[in-house]
Every structure is written in C-alpha cells, then in structure tokens.
Amino acid sequence: MDPARHTHVAIGERAPGTVAEALDAFCLAEQVPPDVRWRLQVALDEVVANVVSHGAPADGAGALDVWFRRDGSIVEITVADDGPAFNPLERPARDLGRPLEAIQPGGLGIVLVRALMDEVRYERDGRNRLTLRKRIDGHSADHP
Amino acid sequence: MDIQQTTRDGVTVLAPAGRIDTTTSGRLEESVRRTVDDGVRDLVIDFSNVEYISSAGLRVLLVLAKRMRDLQGRLVLCGMPESVRQVFRLAGFMPLFRIEPSQEAALASLATRA
C-alpha cells in the first residue's frame, strides 16, 4: 500500500473545510474518479462533523488526524480523534423501508456513511479510529 | 446559506441556497420552525439552489415532516439537484416525502389535492 497522506487538524468549526481540502488534494493526486470522490466527500464530512460535535476531549482542546491511502482500486481513509470512546457502528443498521414515525433524527450521519462506503470499521486504541473503504471500480453510473 | 421566502397561490415557498450542513442547518431549522409557528400548513421547499445537503439538513427535514404530519399540513420538496437526490436515496428518505421536479409542479400538486 502506498504511504498515506496525513492531515492534522484542530477540532473546531473550520475542521470540516480543512479536511475537505485535504481530500480534494488527495483525490486530485490519486486521480480518484468524480463518483467515488463525491462519496468520499459526503462520508468524510459526516465523520468530521460528528467528531467536531462529540469528539473533543474533556479539556476542550483536541485535534483529529486523517490519513488518506490508495491501494490499487481501494481508497482508505482513517479518522482518529481523542474524544470519549464512541463507536458509531454500534447503532444498528437502519431498515431503509421504515415509515416516517419509525425513523429517529439521531444517527442519520452514520446511515449515510454506511450507504456511501463499502466498508466502515471502528477501532479504539486510546483514540477513536474510524476507517472508511471504497472501491474505485463498479460505481461509475451511480453518482450525481 | 440564504433562505428566500415567497408566497405563491397561498402556499409558502422556502428556497435555501448554498450548503445545508452542520454549520448552516440551524438557519434552515429556525426558518421552517418560524414558518410553521406562523400558521403555514402548505409548505414547499425548493432545493434548486442547494449544492449540498448533509445529515444535519436531513434531520431538519425529518423533524419538519413529522411536525407537518401532526398538524395535518402538507409539505412538498422540489427542484432537487442530483447530488441532493442521491443523498435522499442513500438515507432512504425518498418514500418519506412528496417530491416534485419543479416549483411549478409542487404548487400544482398542492392546488389539485387541496
């Protein structure tokens, strides 16, 4: 696997924009096609927004690290933060056919991330680490 | 994000422009809350000028849809660019809303089903 690009960002209102710029630079350098790039942009925005909302450690200061890798047809992005342990994947995957009254407003972000990516993995090693994986082929017709 | 509000044929139309994300969704939430608090029961939201919607925006729409249903109001979404439509699809939101291609079609659907 190629060495990862790494971005270190202070947790705050500007974090989503900064990470989005890093993703754009990565996608440009790695020639990630627009459909996959769009999926990565939306998914990563959800993950970073969630870290900004909940991922700051108790002392208020905090940072998140993002690693971007491409290995052949696989793009992998890992986001690490120092917030309290939080595994968003513990929330059960949602049945998309449910009626309005059965859908809770919380957890929509992770529903989207799961739908956008091929694989989402959570690890805790003193930090929260969420890894997103997406194959580059096979989705060329499935994007805006 | 700017939100334009107009009234056409007795129907209130809200047209947000730009990105509806964590940073801006509060403005949309406040705008729809005020509109419904003011007694509006026929509401169209026109997405023609929305370039991006995140789950924060979806959350606002979900809460609005539930409130409109409880008030027996009518909510129609329209003008969705493909990027917005795709987020709705991935979140399983398409069946939850009445969605029309254009503002004209949205107003027409409210007129015929009054």
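Keep in mind that this is a model prediction, so the values were computed, not measured. Just so it is clear: chains get the letters A, B, ... in the order the sequence lines come, proteins before strands, and each one is counted from 1.
Linking Ile, Leu, Val, Met, Phe, Trp and Tyr whenever their side-chain heavy atoms come within less than 4.5 Å puts A/Leu40 and A/Tyr122 in one cluster. A/Leu64 and A/Val120 end up in the same hydrophobic cluster when Ile, Leu, Val, Met, Phe, Trp and Tyr side chains are linked at under 4.5 Å. Residues B/Val63 and B/Ile99 fall into different hydrophobic clusters, defined by Ile, Leu, Val, Met, Phe, Trp and Tyr side chains chained together at heavy-atom separations under 4.5 Å. Put simply, B/Phe47 and B/Leu14 are part of the same group of oily side chains (I, L, V, M, F, W, Y) that touch within less than 4.5 Å, one to the next. Under the 4.5 Å side-chain heavy-atom criterion for Ile, Leu, Val, Met, Phe, Trp and Tyr, A/Trp67 and A/Leu130 are members of distinct hydrophobic clusters.
Both the backbone and the side chain of A/Leu100 come within contact range of chain B, judged by heavy atoms closer than 4.5 Å. For B/Val60, no part sits under 4.5 Å from any heavy atom of chain A, backbone or side chain. If you measure heavy-atom distances from B/Phe97 to chain A, you find no contacts under 4.5 Å at all. Interface residue B/Arg69: only side-chain heavy atoms are found under 4.5 Å from chain A. With a 4.5 angstrom heavy-atom cutoff, B/Thr22 touches chain A only via side-chain atoms.
Listed here is the closest heavy atom pair of B/Tyr52 and A/Gln41: OH-O, 4.4 Å.
Although no hydrogens or angles enter the test, the distance criterion places a donor-acceptor pair under 3.5 Å between the side chain of A/Glu46 and the main chain of B/Ser55.
At least one side-chain heavy atom of B/Leu90 sits less than 4.5 Å from a side-chain heavy atom of A/Leu116. Put simply, the side chain of B/Phe93 does not reach to within 4.5 Å of the side chain of A/Val111, judged on heavy atoms.
Heavy-atom contacts from other residues, nucleotides or ligands closer than 6.0 Å to CZ of B/Arg67 number more than 12. Within 6.0 Å of CG in B/Asp2 there are 12 or fewer heavy atoms belonging to other residues, nucleotides or ligands.
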